Undergrad: 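Let me begin by handing over the structure; questions about it come next.
Remember, predicted model here, so these are calculated numbers, not experimental data. Counting convention: from 1, in listed order, for ligands and their atoms alike. When a residue number appears, it is its place in the shown sequence, counting from 1.
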Amino acid sequence: MSFNDRVRGTYQNELNGIRDAGIFKQERFIHSPQAADIDVEFPSGAKIQKVINICANNYLGLSSHPEVIKAAHEGLDTRGYGMSSVRFICGTQDIHRELEQVVTKFLGTEDTILFASCMDANAGVFEAILTADDVMISDRLVHASIIDGMRLCSAEHDTYKHSDMDHLEKKLQQYQDKRMRIIINDGVYSMDGDAAKLDEIVKLAEAYDAMVFVDDSHATGFIGKTGRGTPEKCGVMGKIDVITTTFGKALGGASGGCVSGRSELVEMCRQRARPYLFSNAMAPVIIAGVLKAFEILNQSTDLRDKLEVNAKFWRNALSEAGFILKEGDTPIVPVMLFNAKLAQDFSRDLYDEGVYATGFFFPVVAKGQARIRTQLSAGHERHHLEKALDAFVKVGKKHNILGKTKDEIIEMYGL
Ligand SMILES: *Cc1c(COP(=O)(O)O)cnc(C)c1O
């Protein structure tokens with residue numbers, strides 16, 4: 001069958017359905033490096049506008065950090081552009097292993113294995129370490145890449161209600177006959193910005209003989225006193241059996257991810273994880289950049305400290321202005337708008353005021369939970385945040401939502 005009119009029409013209908021539902025995602029073109037100030041073309045063909053970016057995962061401002069860029073240039077010059085091989089054939093340079101050791105030391109684990117992305121790490125890890133005799137018990141709000149990874153694994157799968165420790169305990173009791181139990185969580189949940197209760201989770205794991213898995217993509221580098229992530233924040237460093245994380249967020253934001261944890265589990269990934277065995281090695285230029293990012297973090301906590309101050313300022317300011325926020329103490333500050341169209345209009349109006357913050361709505365978040373997710377960065381100076389605040393207040397007034405309750409907003413705009 002060729003791509004005939006009937007086939008094309010089927011897809012066009014599907015896409016029109018997405019448009020009609022008001023959930024079509026339109027990309028904005030950035031003409032500058034990723035940073036607090038960016039040059040954006042939106043919509044396509046429109047005049048390029050200077051805006052403040054307050055929705056990147058560039059938590060530590062390292063995406064365009066001069067030292068990271070310099071290190072990447074040097075990596076390019078000394079180790080070349082690409083490996084043209086998977087790791088186990090002829091794709092492992094000394095710097096690949098060096099980065100694995102640096103991550104191990106930073107996270108306080110036993111060993112680490114790199115993947116092309118954290119999505120790949122999550123896609124490979126479960127299948128590599130579990131069998132049909134085991135059970136995966138995951139928090140109901142874990143990241144999509146974890147859900148896909150669990151789908152690729154033959155172990156039984158069950159869930160526990162988000163951060164509900166009583167429910168988790170029941171599930172652990174229910175599966176005591178399994179060979180192995182593993183509790184699967186995000187460290188920080190990216191949509192709401194809340195952190196997993198890892199101290200309690202580790203206690204339950206010890207009581208019911210289970211392993212603990214944490215995806216710390218939204219935490220590595222800045223959560224915890226020295227930025228070691230949620231295990232540090234919760235006082236359980238060294239007690240998490242499997243940590244996955246990304247280099248595509250706080251750690252320079254290029255790409256790459258890893259599995260870090262018990263040495264036997266890491267070795268199982270090296271032998272068996274399909275995205276590791278069948279996908280190209282990370283490019284040397286990126287390895288060199290990530291190594292520099294870790295070097296910067298190992299020298300001082302200045303960046304994560306500045307991020308913490310920025311996040312506190314922003315959270316207080318928005319709250320005082322009368323917005324409804326999701327509670328939390330991470331640099332993810334979701335501004336709740338509930339209605340999908342309102343979230344889109346709000347984002348559009350912010351853009352006109354010089355602030356880039358994307359609206360989130362179903363299916364990225366639950367229906368009726370639409371929001372603008374703001375994310376702070378150590379790259380933000382106070383003047384960025386003050387200007388962004390002015391824009392939020394102006395647009396909030398325009399839509400008449402300041403000081404309003406959730407019910408009042410829903411009454412005005414519907415769900
Ligand atoms: C961003 C993210 C990922 C994906 O990371 P990539 O390296 O971009 O593939 C995985 N898990 C979580 C929790 C994330 O937030």
Side-chain angles (χ1 to χ4, degrees), residues 25 27 34 55-60 62-63 96 99-100 103 107 112-127 136 138-153 159 162-163 183-196 198 201 212-223 229-231 233 240 242-261 269 273-276 278-283 286-287 289-290 293-294 326 328 330-334 358 360 363-365 371 373-377:
K25 290 182 277 302
E27 293 179 6
Q34 185 62 279
C55 63
N57 297 315
N58 182 18
Y59 293 110
L60 297 172
L62 292 176
S63 302
H96 289 90
L99 178 56
E100 288 172 343
V103 173
L107 295 179
T112 300
I113 174 175
L114 305 179
F115 284 81
S117 67
C118 188
M119 172 103 200
D120 272 359
N122 289 336
V125 60
F126 301 113
E127 190 196 19
M136 306 175 284
S138 65
D139 185 288
R140 286 193 183 159
L141 292 188
V142 292
H143 191 260
S145 59
I146 295 176
I147 293 171
D148 286 2
M150 293 188 296
R151 282 187 185 140
L152 293 170
C153 173
T159 61
H162 178 55
S163 277
I183 309 169
I184 299 170
N185 324 271
D186 286 11
V188 169
Y189 289 85
S190 57
M191 286 305 139
D192 290 351
D194 59 319
L198 289 187
I201 289 168
V212 180
F213 168 103
V214 176
D215 178 341
D216 234 8
S217 289
H218 281 281
T220 304
F222 56 96
I223 297 289
T230 50
K233 173 186 164 76
I240 307 299
V242 188
I243 296 172
T244 61
T245 193
T246 183
F247 308 129
K249 292 189 168 104
L251 298 161
S255 66
C258 67
V259 171
S260 192
C269 288
R274 293 168 68 85
Y276 184 79
F278 298 109
S279 188
N280 203 28
M282 280 179 73
I286 295 175
I287 300 282
V290 181
F294 275 106
K326 282 268 178 194
T330 68
I332 299 173
V333 183
T358 313
F360 284 66
V364 180
V365 293
R371 65 194 67 183
R373 181 181 69 175
T374 60
Q375 289 168 283
L376 284 299
S377 169

Undergrad: What do the steps show when you test His162 against Asp192 for side-chain hydrogen bond (donor to acceptor under 3.5 Å, both in side chains), and what is the final call?
TA: CA-CA 11 Å; His162 178 55; Asp192 290 351; 5.2 Å; no

Undergrad: Kindly write out the residues that satisfy side-chain contact (heavy atoms from CB on, under 4.5 Å) with Thr358, not counting sequence neighbours, or none if the list is empty.
TA: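 Scan of Thr358 (side-chain contact (heavy atoms from CB on, under 4.5 Å), adjacent residues dropped) gives Cys55, Tyr356, Phe360.
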
Undergrad: Considering only heavy atoms, which protein residues lie less than 4.0 Å from any atom of ligand 1?
TA: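 Ligand 1 pocket, heavy atoms under 4.0 Å: Ser117, Cys118, Met119, Asn122, His143, Ser145, Asp186, Asp215, Ser217, His218, Thr246, Lys249, Gly256.
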
Undergrad: Considering residues at least two apart in sequence or located in another chain, which fulfil the side-chain contact (heavy atoms from CB on, under 4.5 Å) criterion with Met119?
TA: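 For Met119 the side-chain contact (heavy atoms from CB on, under 4.5 Å) partners, ignoring immediate neighbours, are Ser117, Ser145, Asp148.
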
Undergrad: Indicate whether the side chain of Thr230 and that of Asp216 have a donor and an acceptor atom separated by less than 3.5 Å.
TA: yes

Undergrad: Determine all donor-acceptor pairs shorter than 3.5 Å in which one atom belongs to a side chain in residues 246-254; sequence neighbours excluded.
TA:
| from | atom 1 | to | atom 2 | distance (Å) |
| --- | --- | --- | --- | --- |
| Thr246 | OG1 | Gly248 | N | 2.8 |
| Thr246 | OG1 | Gly256 | O | 3.3 |

Undergrad: If you count the non-hydrogen atoms of other residues, nucleotides and ligands that lie under 6.0 Å from CZ in Arg140, is the total more than 12?
TA: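 Result for CZ/Arg140: enclosed.
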
